[in-house]
Amino acid sequence: MALSSSTAFRRILRGTSSSFSQLKFTFSPRRQSSSFPLDEDSGIKELPPLTTPKLFVSGLSRLTTDEKLKDAFSPFGQLLEAKVITDRVSGRSKGFGFISYATIEEADKARYAMNAKFLDGWVIFVDPAKPKERRPLTSSSPEPEASETGFRSNKTIGWCG
DNA sequence: GTTGAGCGTT
């Protein structure tokens, strides 16, 4: 529940070959209900509305490219950006990508439509992306970064420049 | 070919 419930599901989906008999269900036969908080209280698995048209897609196959991602998310709305993050060093896909829609509605629709779906043989998960850039304008920086204006600790003694 | 946690280039 840290970031999203996708992580837990991914582990389960991938761990079907082993640790089956070792699975322990914390299910008490005495209790008939009120065991899981998200089963009767929430009622339905409705995720909260998006606050950003940017989506973070994880669980992508390493063979999946931007075109594949764009082709998979294009019918749900106008894509401002659809990119699979690839490592600059290795040049291979990192296994996740970003989808930017024009509006949040499209992003929300695509998110519900493509979440936990198959892409290139892998189950992908769509979640709201975290802001990459912060403080584009207005507001002040949380780190005042005081001092160090004239004094500099001579920890690096021996290096004069 | 590279199998699996995570949030990108300007």
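The sequence lines fix the lettering, A, B, ..., with proteins before strands; numbering per chain opens at 1. All values reported here derive from a predicted model rather than from experimental measurement.
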inquiry  = Of the options B:dC7, B:dG8, B:dA5, whose atoms approach the side-chain atoms of A:R62 most closely?
reply    = B:dA5
note = With sequence neighbours left out, the residues meeting ring pair (Phe, Tyr, Trp, His ring centres under 6.0 Å) with A:F76 are none
ask   = Roughly how many Å is it from CG in A:D120 to C1' in B:dG1, rounded to a whole number?
value = 13 Å
request  = Please report, rounded to the nearest Å, how far the C1' atom of B:dG8 is from the CG atom of A:L79.
outcome  = 16 Å
request  = For A:I99, answer base if it contacts any base atom (sugar-phosphate contacts may also be present), sugar-phosphate if it contacts only those atoms, and nothing otherwise; contact means non-hydrogen atoms under 4.0 Å.
outcome  = nothing
base_contact_polar (B:dG8 base, A:K54 side chain, donor-acceptor, <3.5 Å) = yes
request  = Mark this stacking check for A:F56 against B:dG6 as yes or no, applying ring centres under 5.5 Å and ring planes under 30°.
outcome  = no
ask   = To the nearest Å, how far apart are A:L60 CG and B:dC7 P?
value = 15 Å
task = Could you tell me the separation between the NZ atom of A:K83 and the C1' atom of B:dG6, rounded to a whole number of Å?
result = 17 Å
request  = Nearest-nucleotide wise, let me know which of A:D87 and A:K94 is further upstream toward the 5' end of DNA chain B.
outcome  = A:K94
ask   = If every non-hydrogen atom of A:L80 is compared with every non-hydrogen atom of A:Y101, which pair is closest and at what distance?
value = CD1-O, 3.3 Å
key: 5′-ward residue of the pair A:R88/A:L63 relative to DNA chain B   = A:L63
Spacing of CD belonging to A:E106 relative to CG belonging to A:L55, to within rounding of 0.5 Å = 10.5 Å
ask   = NZ of A:K130 versus P of B:dA5: gap in Å, rounded?
value = 16 Å
ask   = Rounded to the nearest Å, what distance is computed from the CD1 atom of residue A:I85 to the P atom of nucleotide B:dG4?
value = 21 Å
inquiry  = If the threshold is 4.0 Å, N to carboxylate O, is there a salt bridge linking A:D108 and A:R111?
reply    = yes
ask   = Given atom CD of A:E81 and atom P of B:dG8, what is their separation to the nearest angstrom?
value = 12 Å
